[in-house]
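Single-structure report; data block below.
Every number for a ligand or one of its atoms is a count from 1 in the order of the listing. Remember, it's a predicted structure, so these values are computed and weren't measured experimentally.
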Amino acid sequence: MSTFNSVLSFIKAGGEPSKDMITMLLAAQGSQANTLLRAADEVRRTSVGDIIYTRAIIEFSNYCSKNCLYCGLRRDNKAIPRYRLTSEQIMNSAAQVASLGIKTIVLQSGEDRYYSSEQIAQIISKIKEKYDLTVTLSVGEHTFKDYRLWREAGADRFLLKHETADAKLFRYLRPDSTLNQRLQCIQWLNELDYETGMGNMVGLPGQNLDTMARDALLMRRMKAKMAGVGPFLPHPSTPLKCASPGDLMACLKMLAVTRLVLPYANLPVTTALRVLSPEEGLKLSLQSGANVIMPNMTPLSVRENYVIYPQKADLKDSPQEVFEDVKLQMQALDRSLDTA
Ligand code: SF4
């Protein structure tokens with residue numbers, strides 16, 4: 001048996017992977033790369049099953065106080081119209097999500113201090129009270145007190161992608177923060193018993209296989225319950241506009257490795273990957289370890305202004321149309337959809 005196959009079998013069987021082992025898997029090419037993706041698909045089937053879970057995303061504010069080099073929402077980008085949904089508009093979106101039978105809502109925004117912690121807490125408790133939805137927050141770095149307030153208000157999950165495990169690269173890409181600060185937030189979220197999601201970007205300028213292997217091991221060490229793995233996509237109004245986008249196969253291999261190191265985690269098909277490969281991104285992700293889809297149900301009047309990267313998918317369809325499309329695509333793949 002080749003070393004590659006024995007490493008793969010070892011990790012599939014629950015062995016503790018080393019950084020060198022993960023790097024070897026990420027370096028796979030040709031038929032070995034396909035073997036890796038198939039192995040992740042098998043692990044996904046035996047650990048979390050064939051069902052695809054749906055989470056509806058509502059992007060409620062595109063204001064951000066931070067200036068991450070790769071992100072179209074960065075505070076220095078004056079080229080996009082900014083918007084904030086009111087509490088009432090957020091509740092209307094939650095009503096739409098509930099009416100479609102979807103049980104999980106993801107409230108996502110830039111780091112926007114306009115909404116007070118109490119306001120966010122009120123929105124969470126109202127959504128729980130009226131619609132009994134599982135509430136996932138994706139609102140960035142905050143204090144332990146804020147996270148605790150929102151948890152007490154009923155928030156169940158929190159997505160806080162770590163983006164890269166390389167502290168230097170992190171500091172360069174996210175000048176307003178540090179990797180340590182980010183990991184502290186993730187640690188707090190774990191302490192508060194959120195279902196915590198992490199994740200990285202593939203193809204970041206300055207990244208290499210070693211960095212990505214550290215990403216995988218970091219997510220395993222922090223016991224991430226969800227992990228978003230998507231490509232870096234250069235946004236034309238950012239300092240990284242001339243950088244090359246992440247590569248599809250590199251993303252799929254990272255996704256597959258993430259499934260191997262986090263067999264029971266929920267791994268979404270990232271929108272960025274669907275933008276990178278509109279034809280095949282969804283299908284290939286679902287065949288490489290992913291088990292969650294996150295249709296965008298942000299009100300159409302503002303959706304096109306939430307541009308972390310350009311050419312987002314799902315820009316023009318109403319929430320109903322987005323959901324119908326998701327159902328059709330799942331049927332075509334012969335996978336069943338669950339809305340829990
Ligand atoms: S990545 Fe997040 S924190 Fe950074 S600029 Fe974009 S929205 Fe703001």
Side-chain angles (χ1 to χ4, degrees), residues 57-85 90 106-115 117 120 136-143 146-147 150 157-186 188-189 196-207 211 215 226-241 243 245-246 268 270-273 275-276 294 296 298 302-312 315:
I57 305 192
I58 309 297
E59 296 156 335
F60 64 93
S61 164
N62 72 348
Y63 280 85
C64 190
S65 57
K66 295 205 167 158
N67 223 10
C68 305
L69 263 63
Y70 53 84
C71 178
L73 302 191
R74 66 199 305 270
R75 65 172 183 262
D76 281 357
N77 181 12
K78 309 291 181 216
I80 50 163
R82 301 283 173 167
Y83 72 87
R84 290 184 175 110
L85 299 186
I90 298 173
V106 182
L107 298 177
Q108 180 160 287
S109 70
E111 289 197 20
D112 183 6
R113 307 291 160 176
Y114 170 84
Y115 304 88
S117 311
I120 303 271
T136 303
L137 297 175
S138 173
V139 296
E141 293 172 27
H142 291 265
T143 60
D146 288 346
Y147 291 149
W150 300 334
R157 302 176 179 150
F158 204 107
L159 297 176
L160 193 67
K161 289 177 73 178
H162 69 281
E163 310 297 4
T164 175
D166 179 330
K168 256 184 155 173
L169 183 58
F170 185 102
R171 186 70 178 156
Y172 164 70
L173 294 168
R174 303 182 60 97
D176 307 284
S177 183
T178 63
L179 181 61
N180 272 345
Q181 203 174 311
R182 193 94 174 158
L183 296 182
Q184 173 65 80
C185 289
I186 293 169
W188 286 337
L189 294 164
T196 308
M198 297 174 67
N200 67 342
M201 264 187 288
V202 175
L204 287 166
Q207 184 188 52
T211 328
D215 285 329
M226 304 176 273
V229 173
F232 159 71
L233 296 173
H235 187 291
S237 308
T238 64
L240 297 183
K241 61 184 174 198
T270 56
T271 315
L273 208 140
V275 170
L276 185 68
M294 300 176 77
N296 189 335
T298 305
V302 294
R303 201 183 296 167
E304 66 179 3
N305 296 324
Y306 201 91
V307 275
I308 292 177
Y309 40 78
Q311 302 161 338
K312 261 188 349 175
L315 270 187

Worksheet item: Testing R75, R74, K66 for salt bridge (charged side-chain N to carboxylate O under 4.0 Å, His left out) with E111, which one passes?
Response: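 Testing each of R75, R74, K66 against E111, the sole residue satisfying salt bridge (charged side-chain N to carboxylate O under 4.0 Å, His left out) is K66.
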Practice prompt. For the residue pair Y306 and Y83, establish whether any side-chain heavy-atom pair is separated by less than 4.5 Å.
Written response: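 The answer is yes; the side chains approach within 4.5 Å.
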Discussion item. Can a donor-acceptor pair be found, under 3.5 Å and without considering hydrogens, that links the side chain of S117 to the backbone of D146?
Written reply: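 Judged by distance alone, no pair lies under 3.5 Å.
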Review point. Does any N or O in the side chain of R174 come within less than 3.5 Å of the main-chain N or O of C68, such that one atom is a donor and the other an acceptor?
Key: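 Side chain of R174 to backbone of C68: no pair is present.
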**Request:** Provide the number and element of each atom of ligand 1 under 4.0 Å from a heavy atom of R74.
**Result:**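 Result: 5 (S).
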**Message:** Within the 4.0 Å heavy-atom shell around K66, which atoms of ligand 1 are there?
**Reply:**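 Counting atoms of ligand 1 from 1, those under 4.0 Å from K66 are 3 (S), 5 (S).
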Got the closest protein heavy atom to [atom], with its distance?
atom: atom 6 (Fe) of ligand 1; result: C71 SG, 2.3 Å
atom: atom 4 (Fe) of ligand 1; result: C68 SG, 2.3 Å
atom: atom 8 (Fe) of ligand 1; result: C64 SG, 2.2 Å

task: Determine, using heavy atoms of R174 and all atoms of ligand 1, whether some pair is separated by less than 4.0 Å.
output: yes
inquiry  = Looking at F170, I'd like to know if the NZ or CZ of R182 sits under 6.0 Å from its six-membered ring centre while staying within 45 degrees of the ring's axis.
reply    =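 No, a cation-pi geometry is absent between R182 and F170.
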